[in-house]
Every structure is written in structure tokens, then in C-alpha cells.
Amino acid sequence: MVKALFFDVFGTVVDWRNSIAAEVDRLSDAKGLGIDGQAFALAWRRRYQPAMKVIRSGDRGFVALDTLHRENLLEVLEEFGVDSLSEAEIDELNRAWHRLSPWPDSVPGLTRLKKKFIIATMSNGNVALMVNMAKNGGLPWDMILGAEISQTYKPQPETYLTGCRLLHLAPEECMMVAAHNDDLVAARNLGLKTAFIARPTEYGPEQTVDFKAEHAFDVIAESMEGVADQLGC
């Protein structure tokens with residue numbers, strides 16, 4: 001019997017692309033930077049997996065995602081020819097990841113699921129980022145789990161298994177919920193149950209994968225409330 005649900009957050013629970021784009025557009029307008037928020041958000045996110053790959057490979061010790069995001073941000077600012085921001089303004093822009101807005105169905109669906117299950121993040125985001133995002137968006141987590149807790153990044157097995165151990169649950173008593181097929185396959189290979197939510201607009205025009213479930217996951221839904229429906233909440 002499933003007792004806990006683990007959630008990927010970026011893209012599954014929150015709309016990072018439009019949230020980041022909106023903050024960049026506001027900053028661009030205020031500072032006269034002349035940059036496109038959507039293009040900037042996608043360029044920033046493009047550096048996400050390569051930055052974590054260096055840590056997963058063992059070539060770099062673990063550092064929190066906030067650190068990786070800031071390092072990547074400096075590269076993106078250079079790419080877009082922006083050199084007029086102060087250190088404080090760069091820090092504030094980096095914290096845009098702490099203020100991402102949930103998809104409209106996320107909070108209602110999570111609230112329903114919380115009545116029956118333990119609900120926890122299973123994100124590559126660090127604890128402060130996840131807590132601030134939850135406060136900003138009203139996300140009703142019972143627990144923050146993921147990369148910083150395990151000191152490695154998904155899809156490394158230790159990320160998922162540490163969450164199971166901390167809750168004193170076997171993998172088969174936990175379900176990974178994500179909008180990304182590879183995340184769910186990694187969790188399923190460790191014995192966790194799996195739930196896929198389709199988020200076909202996560203990357204906008206750059207989306208090339210994850211339009212639909214590509215495997216026989218335990219739950220396949222179009223929304224967080226669809227997951228709640230299928231799990232009897």
C-alpha cells in the first residue's frame with residue numbers, strides 16, 4: 001500500500017518557464033535591458049542538467065542548486081549582453097526560482113492528496129528554495145526531500161532511497177509523481193510506484209519530450225487533480 005507521494009517540483013508542480021520569464025521581463029522593463037524573458041528563461045534552464053551532470057559524475061563535490069543556478073545565471077547574462085546588474089540585483093534575480101508559481105491544478109490536487117498520503121518534494125532544488133517556493137505558492141508539503149538531503153542529484157538512486165529511508169518506508173510504499181518519463185523510470189527501477197502528469201507546455205516551443213507517458217506507469221493523468229481522482233482522494 002502506498003503511504004507517501006514524492007513529487008518532482010520544477011515543471012510538475014510549478015510553471016518555471018513562465019514564472020522566470022515574467023520576472024525577467026519586469027527587470028528588463030525596469031532597467032531598459034531589452035531582453036526577452038521567455039528566451040532568457042529557456043537559456044537559463046538549458047544549463048540545468050549539464051551543471052548537475054558534473055556533480056553526478058563525481059568531477060565536482062555536491063553544491064546546492066542555488067549555487068548552480070547563480071553560476072548559470074552569470075553565463076546567461078553574458079550571453080544576453082547584460083553587464084549592468086549589481087551583485088544584489090543578480091542575487092535577487094537568482095531567487096526568482098524561489099518564487100515560481102504553481103500550475104493552477106497543483107494546490108487543489110496536493111491538498112486532496114495530503115488528506116490520504118504523506119506528500120513530500122523529491123526535487124533537485126535545495127531546502128531553502130523548496131521552503132520559500134512553498135510559502136510563496138501555498139504548496140502544502142508535509143516534508144522537503146530531495147537532492148540536498150541526499151547530497152546527490154536525481155536520477156542517482158540515493159536521492160530517492162534517502163527519502164524512503166527517512167520516512168521508514170519501503171520503496172514500494174512510496175510513489176514518485178512527475179511530468180518526466182526519465183525521472184519515473186529511475187524511481188520505478190528502485191521499486192517505487194509511479195504517477196505521470198502530462199505538462200506539455202513546460203518548455204513551450206522547445207518541448208520535445210514528455211508530451212505523454214511513454215511507459216506503463218501506475219497512474220497516468222492530465223493534472224494533479226487527475227492523480228487525486230485515480231488515488232481515491
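Please read all numbers here as calculations on a predicted model, not as lab measurements. Nothing fancy with the numbering, it's 1 onward along the sequence.
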*Among the clusters formed by ILVMFWY side chains lying less than 4.5 Å apart, do Val209 and Tyr203 turn up in the same one?*
no
*Return the set of residues passing salt bridge (charged side-chain N to carboxylate O under 4.0 Å, His left out) with Glu92 (not counting sequence neighbours), or none when no residue passes.*
Arg95, Arg99
*Taking only residues two or more places apart in sequence, or in another chain, which ones meet Asn189 in a side-chain hydrogen bond (donor to acceptor under 3.5 Å, both in side chains)?*
none
*asked:* Restricting to side-chain hydrogen bond (donor to acceptor under 3.5 Å, both in side chains), what partner residues turn up for Asp229, sequence neighbours left out?
replied: Arg112
*Tell me, do Phe7 and Met224 make a side-chain contact under 4.5 Å, heavy atoms counted?*
yes
*So if you build clusters from Ile, Leu, Val, Met, Phe, Trp, Tyr with side-chain heavy-atom gaps below 4.5 Å, do Val54 and Phe62 land together?*
no
*Intermediate values then yes/no, side chain to side chain contact (heavy atoms under 4.5 Å, CB included), Met130 and Val9*: CA-CA 9 Å; Met130 287 290 112; Val9 178; 3.7 Å; yes
_Let's go through Met133 and Leu129 carefully: what are the C-alpha distance in whole Å and the side-chain angles of both, what is the deciding distance for side chain to side chain contact (heavy atoms under 4.5 Å, CB included) to 0.1 Å, and is it a yes or a no?_
CA-CA 6 Å; Met133 189 195 301; Leu129 191 165; 3.4 Å; yes
*Within the distance-only criterion (no hydrogens, no angle test), does the side chain of Ser223 pair as donor or acceptor with the backbone N or O of Gly226 below 3.5 angstrom?*
yes
*asked:* For Val63, is there any backbone N or O sitting under 3.5 Å from a side-chain donor or acceptor partner on Thr67?
replied: no
*Could you go step by step and tell me if Arg199 and Asp105 meet the salt bridge (charged side-chain N to carboxylate O under 4.0 Å, His left out) rule?*
CA-CA 11 Å; Arg199 299 295 191 195; Asp105 57 275; 2.8 Å; yes
*Write out all pairs satisfying salt bridge (charged side-chain N to carboxylate O under 4.0 Å, His left out) with one or both partners inside residues 204-216, taking only residues at least two apart or from two chains.*
Arg46-Glu206
*Do side-chain atoms of Asn181 reach the backbone of Ala213 as a donor and acceptor pair under 3.5 angstrom?*
no
*Does some side-chain heavy atom of Val177 sit less than 4.5 Å from a side-chain heavy atom of Phe6?*
no
*Can you find a pair of side-chain heavy atoms, one from Ile197 and one from Val227, that are under 4.5 Å apart?*
yes
*Can you tell me which residue pairs pass the ring-ring contact (aromatic ring centres under 6.0 Å, His included) test with a partner in residues 205-233, sequence neighbours excluded?*
His215-Phe217
*Show the numbers, then the answer: is there a side chain to side chain contact (heavy atoms under 4.5 Å, CB included) between Ile55 and Met52?*
CA-CA 5 Å; Ile55 293 172; Met52 292 186 297; 5.6 Å; no
*Please name all residues satisfying salt bridge (charged side-chain N to carboxylate O under 4.0 Å, His left out) with Arg70, sequence neighbours left out, ordered by chain then number.*
Glu87, Asp91
*Would you say the side-chain atoms of Asn124 pair up with the backbone N or O of Ala147, donor to acceptor, closer than 3.5 Å?*
no
*Please lay out, stage by stage, how Val24 and Ile20 fare under the test side chain to side chain contact (heavy atoms under 4.5 Å, CB included).*
CA-CA 6 Å; Val24 172; Ile20 294 294; 4.1 Å; yes
_pair Phe40-Leu73: side-chain heavy atoms closer than 4.5 Å_ = yes
_Looking at Glu71 and Arg60, is any side-chain nitrogen of the basic one under 4.0 Å from a carboxylate oxygen of the acidic one?_
yes
_Once side chain to side chain contact (heavy atoms under 4.5 Å, CB included) is applied, do any residues pair with Thr162, and if so which ones, sequence neighbours excluded?_
Ile149, Ser150, Glu158, Arg165, Leu166
*Could you point out which residue of Phe10, Trp97, Phe80 forms a ring-ring contact (aromatic ring centres under 6.0 Å, His included) with Trp44?*
Trp97
*asked:* With a 4.5 Å cut-off on side-chain heavy atoms, are Pro102 and Leu139 touching?
replied: yes
*Without swapping roles, check the side chain of Asn126 against the backbone of Asp66 for a donor-acceptor pair under 3.5 Å.*
yes
_Trp103: which residues meet the ring-ring contact (aromatic ring centres under 6.0 Å, His included) condition with it, sequence neighbours left out?_
none
_Glu172 and Lys3 ion-paired at < 4.0 Å_ = no
*Look only at the side chain of Asn72 and the backbone of Leu68, and say whether a donor-acceptor pair between them is shorter than 3.5 Å.*
yes
*Partners meeting ring-ring contact (aromatic ring centres under 6.0 Å, His included) with Tyr160 (sequence neighbours left out)*: none
*Glu89: salt bridge (charged side-chain N to carboxylate O under 4.0 Å, His left out) partners, not counting sequence neighbours*: Lys31
_Is there a side-chain contact between Met175 and Leu192 in this structure, where contact means two heavy atoms from C-beta onward sitting under 4.5 Å apart?_
no
*Report yes or no: does Asn94 contribute a side-chain atom to a donor-acceptor pair with the main-chain N or O of Ile90 at less than 3.5 Å?*
no
*Write out all pairs satisfying side-chain hydrogen bond (donor to acceptor under 3.5 Å, both in side chains) with one or both partners inside residues 5-17, taking only residues at least two apart or from two chains.*
Asp8-Thr12, Asp8-Lys154, Asp8-His180, Asp15-Asn18, Trp16-Glu202, Arg17-Gln38
*Is there a side-chain contact between Val14 and Ser101 (heavy atoms, below 4.5 Å)?*
no
*So do Thr194 and Val219 actually touch side chain to side chain, heavy atoms under 4.5 Å?*
no
_Those residues that, when tested against Lys114, pass salt bridge (charged side-chain N to carboxylate O under 4.0 Å, His left out) (two or more places apart)_ = Asp142
